[in-house]
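We use all heavy atoms of the structure for the numbers below, so side chains are in, but hydrogens, waters and symmetry mates are not.
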Amino acid sequence: MIVMKFGGSSVADATCMREVEALARQALPRRPLVVLSATAKTTDGLFQAATRAQDGDLNTALELHQALIERHRGIARDLFPDGVPEDLSAAIQELSGELELLLRGVALLKELSPRSMDAIASIGERLSTRLFAACAGAAWVDARTIVRTDATFGCGEPQTKELNALAQTHLAPLLAQGRIVVTQGYIGATAQGLTTTLGRGGSDFSAALFGAALGAEDIQIWTDVEGVLTCDPRIVPEAQPIAELSFAEAAELAAFGAKVLHPATIQPAVEAGIPVTVRHTRRPQGRFTTITGQVRTGRPVTALAMRGPVTLLTVTSANMLNQAGFLAKLFDAFARRAVSVDLIATAEVSVSLTVEADAPLEALLEDLSGFATVTVTKDRAIVAIVGERLKLTPGVTGRCFGAIRETNVEMISMGANEINLSIVVKAEDARQALRNLHAALIPGEEGGRP
Ligand code: ADP
Ligand code: ASP
Ligand code: MG
């Protein structure tokens, strides 16, 4: 079997839905499980409505609700010009009622817990999959009966053992019937049946989890670009599709800001040894990226990404000199305050590290003040240069720094796997640095990768 995951822009309207149906139909001999995101902008709309309700502005929340439901009814009418099937209308009506109740509850209490937010967010994928199931005559499966997670609302941790068993029991027999089967990305449920989500952009992760659970031949991520490009095309328009990418490269790119794949997607695929392909829904015959364990030789630099803003912390202490255990003490403080660290570079008496811009630093800084001096520098960005051959190619770092000689580099970190050279710069300099690096390190299309 294969997994075909379609993102929000791929199911934005009736025409898109029909295209997805055609792709799934062509793939029928390979027994496709179709995993859908909410239609474009829907999840954002649900977050907005929930926030308005939390502010006590129920009217605006209900207006947003109305517009969102009307948009889905419009897609249903476009799909079925001769009359929307009764069960589809009823399903939309039921989801509309559920959403209204949830928003009224939030407005009444003026409280929006991650648990309520997940219940609200789940409406998007439940709507899009109802539309698609009706359009394609597909078997509809509620992902919450399969994707078992813990109770970390907003970012549920999948319980893979249970998930795999549930997928085998409930999905495998349906797929074996030779029908198109559709389910939701992004959502899951706890053992008690409480709705959870896997975090924003989590449908890619869902696709990989389903693929691993069912032993898929291929996990296909269908989106609005011809695969993973050498850089975010919104920053570098000349970015080109990459034909082949290693799992490690893809994981680095996703973690360092390439929004095209959810960072957690790769892990289940790697563990199960299943290739992931990234393809353009509107150009199915076009180019695409295959992500696998083994890569052929290629250019030293495969792709670039950036993430920001982040905060740079420089921790200085004379005690570091000759004192065993300083770093253990330092990271223990981070662990206790649950602040996660991205990049690290150490010098004789100081350590530089980056943390998320919204990391809760107050308590941590107080703990650290007992044994070190800390400088906090906000509004920085990480520019990541990624490539399997980075470590093997003499002179490539020289070319990197030559390309950004005008930029003030505040920290450098070569990832332990030696395929990621990360540079911290001022957030306002990051885009230009990325363009300069792309121009210098990723020459035209002739030969080699991409
Ligand atoms: P979907 O809704 O299908 O999940 P996303 O919007 O999450 O799609 O991801 C696709 C988008 O990611 C592209 O339209 C592109 O703007 C952006 N993007 C950022 N970096 C990259 C990259 N390196 N390669 C391809 N797309 C990228
Ligand atoms: N619909 C969810 C989101 O917008 C999940 C996804 O699209 O991957 O975050
Ligand atoms: Mg996405």
Q: Would you sort out whether E63 and R52 count as a salt bridge (Lys or Arg N to Asp or Glu O under 4.0 Å), showing the intermediate values?
A: CA-CA 10 Å; E63 277 169 26; R52 302 314 309 190; over 6 Å; no
Q) When you look at T160 and L209, which way does the side chain to side chain contact (heavy atoms under 4.5 Å, CB included) test go after all the steps? A) CA-CA 8 Å; T160 35; L209 290 167; 4.0 Å; yes
(Q) Run Q432 and N436 through side-chain hydrogen bond (donor to acceptor under 3.5 Å, both in side chains) and show every step you take. (A) CA-CA 6 Å; Q432 193 53 50; N436 294 349; 3.0 Å; yes
**Q.** CA sep, side-chain torsions, deciding dist, call: D118, T196, side-chain hydrogen bond (donor to acceptor under 3.5 Å, both in side chains)
**A.** CA-CA 5 Å; D118 278 356; T196 54; 5.4 Å; no
Q) Can you list the steps and then say if K426 with R380 is a side chain to side chain contact (heavy atoms under 4.5 Å, CB included)? A) CA-CA 4 Å; K426 286 198 179 77; R380 295 306 185 255; 3.8 Å; yes
Q: Before giving the answer on side chain to side chain contact (heavy atoms under 4.5 Å, CB included), spell out for H262 and S203 the whole-Å C-alpha distance, their side-chain angles and the decisive distance to 0.1 Å.
A: CA-CA 8 Å; H262 185 282; S203 296; over 6 Å; no
**Q.** Steps toward side chain to side chain contact (heavy atoms under 4.5 Å, CB included) verdict (F256, V386)
**A.** CA-CA 10 Å; F256 284 95; V386 174; 5.9 Å; no
Q: May I have the step-by-step check of side-chain hydrogen bond (donor to acceptor under 3.5 Å, both in side chains) for Q184 and T129, ending in yes or no?
A: CA-CA 6 Å; Q184 305 79 38; T129 48; 3.1 Å; yes
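Taking the side-chain hydrogen bond (donor to acceptor under 3.5 Å, both in side chains) definition, one finds that D204 meets it with K5, sequence neighbours left out.
For residues 178-200, no pair satisfies ring pair (Phe, Tyr, Trp, His ring centres under 6.0 Å), with sequence neighbours left out. Pairs engaging residues 84-95 under the side-chain hydrogen bond (donor to acceptor under 3.5 Å, both in side chains) rule: R73-Q93 [sequence neighbours left out].
Residue-environment remark: CZ (R435) exceeds the threshold of 12 foreign heavy atoms within 6.0 Å. Counting non-hydrogen atoms of neighbouring residues, nucleotides and ligands closer than 6.0 angstrom, the CD atom of E70 exceeds 12 such neighbours. The 12-atom threshold is exceeded at NZ of K391, counting heavy atoms of other residues, nucleotides or ligands nearer than 6.0 Å.
Taking CD1 from I180 and CG from L28, the interatomic distance works out to 5.0 Å, rounded to the nearest 0.5 Å. Atom OG1 in T149 sits 11.5 Å away from atom CZ in R144 (nearest 0.5 Å). Taken from SG in C231 to NE2 in H438, the straight-line distance is 5.5 Å, to the nearest 0.5 Å. From I266, atom CD1 reaches atom CD1 of I274 across 11.5 Å, with rounding to the nearest 0.5 Å. Between the CG atom in L95 and the CZ atom in R126 there is a gap of 5.0 Å [rounded to 0.5 Å]. Here S422 contributes atom OG and R307 contributes atom CZ; the two are 9.0 Å apart, rounded to the nearest 0.5 Å.
For the pair E418 and L390, the minimum side-chain heavy-atom distance is 4.5 Å or more. Using a 4.5 Å cut-off on side-chain heavy atoms (C-beta onward), P158 and F205 make contact. Side-chain contact between L261 and L253 is absent, with no heavy atoms from C-beta onward closer than 4.5 Å. Using a 4.5 Å heavy-atom threshold, the side chains of L441 and C400 count as touching. A 4.5 Å side-chain heavy-atom check between I146 and T169 finds every atom pair outside the cut-off. Counting heavy atoms from C-beta outward, T145 and L166 have side chains that stay 4.5 Å or more apart. Looking at heavy atoms from C-beta onward, V147 lies in side-chain contact with F210 at the 4.5 angstrom threshold. The side-chain heavy atoms of E21 and F132, taken from C-beta on, include a pair separated by under 4.5 Å.
Remark: E249 does not engage R389 in a salt bridge, criterion side-chain N to carboxylate O under 4.0 Å.
Closest non-hydrogen pair, A212 versus P268, comes out as CB-O, 3.7 Å. L68 and T42 make their closest contact through CD1-O, 3.9 Å (heavy atoms, listed as atom of the first residue, atom of the second, distance). Shown here for G227 and T289, the closest heavy-atom pair between the two residues is CA-OG1, 3.4 Å. For the residue pair L437 and A403, the shortest heavy atom distance occurs at CD2-CB, 4.0 Å. Listed here is the closest heavy atom pair of A40 and A12: CB-CB, 4.0 Å. Nearest heavy atoms, V182 versus A138: CG1-CB, 4.1 Å.
Residues S113 and S116 have side chains that bring a donor and an acceptor to within less than 3.5 angstrom of each other.
Checking side-chain atoms of R18 against main-chain N and O of C135 turns up a donor-acceptor pair under 3.5 Å. Judged by distance alone, the side chain of E226 and the main-chain N or O of R287 form a donor-acceptor pair under 3.5 Å.
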